[in-house]
Amino acid sequence: MKIVWCFMLVCSFLRADFLEQERENAIKSQKLIVLSVTKDQCPYCLQMRHDVFETELVRRKIDQHYLHVEVDKDDKALPKHLHVKYYPTNLVLNPKDLSVIDEFIGYTKPDIFVELLEEVYKQEFNAR
């Protein structure tokens, strides 16, 4: 019983720490974080994953300036302060404090999504 309890504790700790690890990676590489909050069986979430995040060209563009993290709305590791109501929601987070820089709600076409991300990155890094 103790072994099972310890295993569950370790797994929950590792899962809760996932955003902290991405935050540290983003700071080191001077990237922002795109946090995609999805919902199980959401057709728009699935379409966004397929059309945007699994497309090689879009993936390369995103990887230039961002770290992409996807999390389900029911995942306990999702920070409560984000208050996501609609799915999919893509949040651009500042890696220093995980504050929301911008958010894109709903399905967004790949070319428009990339344009939005490029604009956010330019604004964020030109403002520093």
Side-chain angles (χ1 to χ4, degrees):
M1 186 66 155
K2 286 183 180 182
I3 293 172
V4 172
W5 185 81
C6 288
F7 178 74
M8 289 174 44
L9 183 64
V10 167
C11 287
S12 66
F13 174 74
L14 290 174
R15 185 67 188 128
D17 197 37
F18 87 101
L19 200 50
E20 182 62 27
Q21 293 170 0
E22 294 299 332
R23 187 185 78 78
E24 290 173 12
N25 291 338
I27 290 171
K28 287 177 189 174
S29 59
Q30 293 188 329
K31 292 182 177 185
L32 300 174
I33 298 171
V34 173
L35 179 64
S36 297
V37 183
T38 60
K39 180 178 165 182
D40 193 32
Q41 301 302 316
C42 163
Y44 300 108
C45 300
L46 296 171
Q47 185 178 6
M48 187 87 181
R49 183 182 302 135
H50 179 266
D51 293 353
V52 177
F53 299 115
E54 292 179 0
T55 305
E56 181 64 30
L57 178 63
V58 175
R59 187 78 228 158
R60 275 188 278 136
K61 284 284 197 180
I62 291 171
D63 288 345
Q64 287 177 337
H65 301 297
Y66 292 89
L67 290 178
H68 179 241
V69 180
E70 184 175 324
V71 64
D72 187 82
K73 73 171 191 78
D74 295 323
D75 192 319
K76 291 180 177 149
L78 179 64
K80 300 287 186 229
H81 76 276
L82 296 178
H83 305 290
V84 176
K85 296 179 186 176
Y86 306 104
Y87 309 98
T89 293
N90 291 285
L91 302 161
V92 178
L93 304 177
N94 182 326
K96 292 181 181 172
D97 59 3
L98 297 179
S99 62
V100 177
I101 297 170
D102 211 335
E103 69 180 320
F104 313 118
I105 298 172
Y107 175 81
T108 307
K109 292 182 179 182
D111 54 336
I112 294 172
F113 190 75
V114 169
E115 285 180 28
L116 292 169
L117 290 179
E118 286 176 350
E119 187 63 31
V120 170
Y121 187 83
K122 286 177 191 173
Q123 289 177 0
E124 188 64 21
F125 281 91
N126 287 338
R128 291 181 184 183

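Computed from a prediction, not measured in an experiment: that's the story for all the values here.
- The minimum heavy-atom distance between Leu67 and Glu22, with the atom names listed, is CD1-O, 3.5 Å.
- Separation of atoms NE2 (His68) and CZ (Arg49) is listed at 9.0 Å; rounding is to 0.5 Å.
- Of the possible donor and acceptor atoms, none in the side chain of Arg59 sits under 3.5 Å from a partner among the backbone N and O of Glu54.
- Remark: side-chain polar atoms of Asp40 are not paired, donor with acceptor, to backbone N or O of Asp72 under 3.5 angstrom.
- When atom types are taken as modelled, the side chain of Lys31 and the backbone of Asp63 share a donor-acceptor pair closer than 3.5 angstrom.
- The distance from the CG atom of Leu19 to the CG atom of Leu98 is 5.0 Å, given to the nearest 0.5 Å.
- Taking a cutoff of 4.0 Å between a charged side-chain nitrogen and a carboxylate oxygen, Arg60 and Glu56 qualify as a salt bridge.
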query: side chain to side chain contact (heavy atoms under 4.5 Å, CB included) between Val92 and Phe104: does it pass, once the steps are laid out?
result: CA-CA 8 Å; Val92 178; Phe104 313 118; 3.9 Å; yes
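- Scanning all heavy atoms of the two residues, the minimum distance from Ile27 to Lys96 falls at CD1-CA, 4.1 Å.
- The shortest side-chain heavy-atom distance between Val37 and Leu78 falls under the 4.5 Å cut-off.
- A 4.5 Å side-chain heavy-atom check between Leu91 and Val84 finds at least one atom pair inside the cut-off.
- Using bins of under 30°, 30° to 60° and over 60° for the plane-to-plane angle, the ring pair Phe113/Phe53 lands in the perpendicular bin.
- More than 12 heavy atoms of other residues, nucleotides or ligands lie within 6.0 Å of OH in Tyr107, so this atom counts as buried by the packing criterion.
- We find the CD-CZ distance between Gln123 and Phe125 to be 12.5 Å, quoted to the nearest 0.5 Å.
- Side chain of Tyr66 to main chain of Leu117: a donor-acceptor pair is present (N/O by atom type, distance under 3.5 Å, no hydrogens or angles).
- When all heavy atoms are compared, the tightest approach of Pro95 to Ala26 is CB-CB, 3.6 Å.
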* Under the side chain to side chain contact (heavy atoms under 4.5 Å, CB included) criterion, do Leu93 and Leu82 qualify, and how do the steps go? -> CA-CA 10 Å; Leu93 304 177; Leu82 296 178; 4.3 Å; yes
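- Note that the CD1 atom of Ile101 and the CG atom of Asn94 stand 4.5 Å from one another [nearest 0.5 Å].
- With a 6.0 Å radius and a threshold of 12 heavy atoms from other residues, nucleotides or ligands, His81 has its NE2 atom above the threshold.
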TODO: Evaluate side chain to side chain contact (heavy atoms under 4.5 Å, CB included) for Tyr121 paired with Glu124, printing each intermediate quantity in order.
DONE: CA-CA 5 Å; Tyr121 187 83; Glu124 188 64 21; 5.9 Å; no
